[in-house]
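The structure appears below as structure tokens.
Computed over heavy atoms, backbone and side chain alike; hydrogens, waters and symmetry mates excluded. Computed from a prediction, not measured in an experiment: that's the story for all the values here. Quick note on labels: first sequence line is chain A, next is B, and so on, each numbered from 1.
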2 protein chains.
Amino acid sequence: MRPLNTKSKEDILALAIPLFARSGYSGVSMRSIAQKVGVTVAALYHHFPDKQTLYLAAMTQVFVDKDERLGEILSSSIEPKKRLAQFMTSFCEVVDKDNDFCMLIQREMMDGDESRLRLLATEVYHDLFQGVTNLCQELDPKQDPYLLAISIIGMVMYHFQTAPMRPYLAHSKEQHSDPQVIARHVTNFALQGLKTG
Amino acid sequence: MRPLNTKSKEDILALAIPLFARSGYSGVSMRSIAQKVGVTVAALYHHFPDKQTLYLAAMTQVFVDKDERLGEILSSSIEPKKRLAQFMTSFCEVVDKDNDFCMLIQREMMDGDESRLRLLATEVYHDLFQGVTNLCQELDPKQDPYLLAISIIGMVMYHFQTAPMRPYLAHSKEQHSDPQVIARHVTNFALQGLKTG
DNA sequence: CCATACTAAACGAACGTTAAGTTAATTAAT
DNA sequence: ATTAATTAACTTAACGTTCGTTTAGTATGG
């Protein structure tokens with residue numbers, strides 16, 4: 001059925017994803033995707049009716065399952081403090097390795113319409129967010145779980161988002177881009193804050 | 001010298017900035033800027049040699065002076081804890097009000113080449129970052145000032161970046177978009193963490 | 001009179017998209 | 001077993017549109 005030298009939808013999406021991550025929707029042309037895949041533009045239109053559909057399929061491909069994988073990290077029933085440390089390590093690793101994923105989340109938050117934001121919330125953040133809020137409520141039931149979860153997730157993400165700018169900032173060292181160093185720091189900071197009192 | 005019904009460079013930039021903030025560099029055309037300003041495209045080329053120069057001028061317009069203003073908040077010599085609380089309140093207010101500024105920073109961090117990242121670091125983050133690291137060193141000299149500063153700034157920014165997605169997330173309430181509520185939370189979190197130990 | 005701030009009109013290049021034809025693997029019939 | 005029909009996976013070539021940019025000309029305040 002399928003010729004040997006043929007590209008599947010998944011092959012196309014896998015190559016389109018890093019392009020969208022780096023340059024955004026309007027920064028990527030159908031021709032640039034076709035070139036990367038090694039086919040003509042018309043071949044893309046054989047698999048997808050238009051650019052928007054291709055883009056949305058790419059987003060879905062990146063996001064679906066990612067949520068579960070992030071949620072699983074938090075589903076264990078070990079001691080809350082240890083679970084937080086373990087989560088931070090895993091989360092930092094994921095964000096560090098899958099940089100495309102990280103950038104696409106950010107772009108979707110800025111560019112996404114309501115339906116795409118809902119997709120992002122349900123397919124990317126749901127399990128992760130649920131896990132973090134649960135963990136927060138176990139660690140400190142008196143504080144607002146939503147605010148805590150956003151603070152924790154944002155804290156981690158920002159370390160990787162600012163990475164390209166790090167060389168130009170004061171007090172920066174090479175180790176500050178090491179996910180393990182970041183994980184240890186954010187864990188410590190989340191548990192104790194600036195411990196001044 | 002200048003006709004009455006004429007647009008200055010600053011007028012053009014002021015109208016171009018929100019466009020770039022919302023749609024990014026490649027998402028905004030010279031024609032869309034011209035339409036917003038109420039002139040023809042050629043008029044834009046009378047003021048700026050090309051699109052890139054116009055964009056860079058817009059970035060500079062947004063960023064310069066912003067750094068100082070953010071830095072000033074941190075330059076007072078009141079008690080560190082109070083200074084942190086005061087900074088959080090002011091920072092949240094700025095980020096909440098000037099949403100374009102917030103989004104442009106993010107876009108520049110993702111799209112910017114080396115020279116633009118350096119501009120971002122020196123014109124936007126320098127004084128702010130210096131102030132926060134200083135404050136952190138006063139509050140807890142033992143911790144790494146770089147990691148702390150990134151954590152604190154990122155924590156705050158993320159609350160406003162995730163705002164459009166908030167309605168679709170669990171445990172969210174309307175008050176979670178109030179800059180004062182966010183400021184109080186992040187201050188408390190930065191000072192005490194989850195205070196479980 | 002002269003510079004400044006424009007407009008009208010057009011340039012080629014790149015864009016998303018489509019129509020028509022070609023290749024190659026599978027299936028059905030002889 | 002060979003061949004014919006069928007289909008998915010393409011290519012080539014072009015469509016109209018929008019893009020960044022330019023050129024030539026016009027109006028206006030000093």
Side-chain angles (χ1 to χ4, degrees), chain A residues 1-61 104 107-108 110-113 115-116, chain B residues 1-61 104 107-108 110-113 115-116:
Chain A
M1 198 73 152
R2 181 176 154 208
L4 289 172
N5 239 359
T6 246
K7 310 286 175 180
S8 72
K9 286 194 179 193
E10 283 74 28
D11 294 335
I12 294 170
L13 295 181
L15 291 163
I17 284 164
L19 293 179
F20 282 126
R22 255 172 269 283
S23 308
Y25 180 79
S26 55
V28 177
S29 67
M30 292 298 271
R31 280 167 178 83
S32 69
I33 298 172
Q35 193 189 12
K36 194 89 177 180
V37 177
V39 294
T40 60
V41 230
L44 299 180
Y45 282 93
H46 175 71
H47 292 284
F48 305 94
D50 52 35
K51 187 186 174 184
Q52 268 218 51
T53 307
L54 194 160
Y55 176 74
L56 223 84
M59 291 307 106
T60 308
Q61 168 115 325
L104 285 173
R107 288 196 190 280
E108 283 292 285
M110 296 192 294
D111 303 346
D113 53 33
S115 72
R116 269 158 59 195
Chain B
M1 197 76 151
R2 182 177 152 203
L4 289 172
N5 237 3
T6 245
K7 310 285 175 181
S8 72
K9 285 194 178 191
E10 282 73 28
D11 294 333
I12 294 170
L13 294 180
L15 290 163
I17 284 164
L19 293 179
F20 282 126
R22 255 171 270 283
S23 309
Y25 179 79
S26 55
V28 177
S29 67
M30 292 297 272
R31 280 169 178 82
S32 68
I33 297 173
Q35 193 188 13
K36 194 89 177 179
V37 177
V39 294
T40 60
V41 230
L44 299 180
Y45 283 93
H46 175 71
H47 292 283
F48 305 94
D50 52 36
K51 187 185 175 185
Q52 267 218 50
T53 307
L54 194 160
Y55 176 75
L56 223 84
M59 291 307 105
T60 309
Q61 169 116 323
L104 285 172
R107 289 197 188 280
E108 281 293 286
M110 296 192 294
D111 304 346
D113 54 31
S115 71
R116 269 157 59 195

Would a 4.5 Å heavy-atom cut-off, applied to side chains only, mark [X] and [Y] as touching?
{"X": "B:Thr53", "Y": "B:Leu56", "value": "no"}
{"X": "A:Met59", "Y": "A:Arg116", "value": "no"}
{"X": "A:Tyr25", "Y": "A:Arg107", "value": "no"}

Backbone N/O of A:Val28 and side chain of A:Lys51: donor-acceptor pair under 3.5 Å =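 Pair found, side chain donor or acceptor close to backbone of A:Val28.
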Between [N] ([atom2]) and [X] ([atom1]): distance, integer Å:
{"X": "B:Leu44", "N": "D:dC19", "atom1": "CG", "atom2": "P", "value": "13 Å"}
{"X": "B:Gln52", "N": "D:dC19", "atom1": "CD", "atom2": "P", "value": "17 Å"}
{"X": "A:Lys7", "N": "D:dT11", "atom1": "NZ", "atom2": "P", "value": "10 Å"}
{"X": "B:Leu54", "N": "D:dC19", "atom1": "CG", "atom2": "C1'", "value": "15 Å"}
{"X": "B:Phe48", "N": "C:dA5", "atom1": "CZ", "atom2": "P", "value": "11 Å"}

Nearest 0.5 Å please: distance from the CZ atom of B:Arg22 over to the CG atom of B:Leu104.
->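 So the CZ of B:Arg22 and the CG of B:Leu104 are separated by 10.0 Å.
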Interatomic distance, CG@A:Asp113 vs CD@A:Glu108, rounded to 0.5 Å, equals 8.0 Å
[N] phosphate, OP1 or OP2, under 4.0 Å from [X] side-chain N/O:
{"X": "A:His47", "N": "D:dA8", "answer": "no"}
{"X": "A:Thr6", "N": "D:dC10", "answer": "yes"}
{"X": "B:His46", "N": "C:dC6", "answer": "no"}
{"X": "A:Tyr45", "N": "C:dT18", "answer": "no"}

In a table with atom names and distances, give each donor-acceptor pair under 3.5 Å that connects a side chain of residues 31-45 of chain A to protein atoms at least two apart or in another chain.
unit_1	atom_1	unit_2	atom_2	d
A:Ser32	OG	A:Ser29	N	3.1
A:Ser32	OG	A:Ser29	O	2.7
A:Ser32	OG	A:Ser29	OG	3.4

Among B:Leu13, B:Ile12, B:Asp11, B:Leu54, the one residue meeting side-chain contact (heavy atoms from CB on, under 4.5 Å) with B:His47 = B:Ile12
Residues touching DNA chain C, which here means a heavy atom under 4.0 Å, drawn from residues 19-39 of chain B =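 Heavy-atom cutoff 4.0 Å gives B:Arg31, B:Val39.
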Looking at the side chain of B:Lys51, which of D:dT21, D:dA8, C:dC6 is the nearest nucleotide?
->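 Nearest nucleotide to the side chain: D:dT21.
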What are the two closest non-hydrogen atoms of B:Ser26 and A:Ser23, and how far apart are they?
->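 Heavy atoms only, the tightest pair is OG-O, 4.4 Å.
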Please tabulate the protein-to-nucleotide N/O contacts below 3.5 Å involving nucleotides 23-26 of chain D, giving atom names and distances.
none

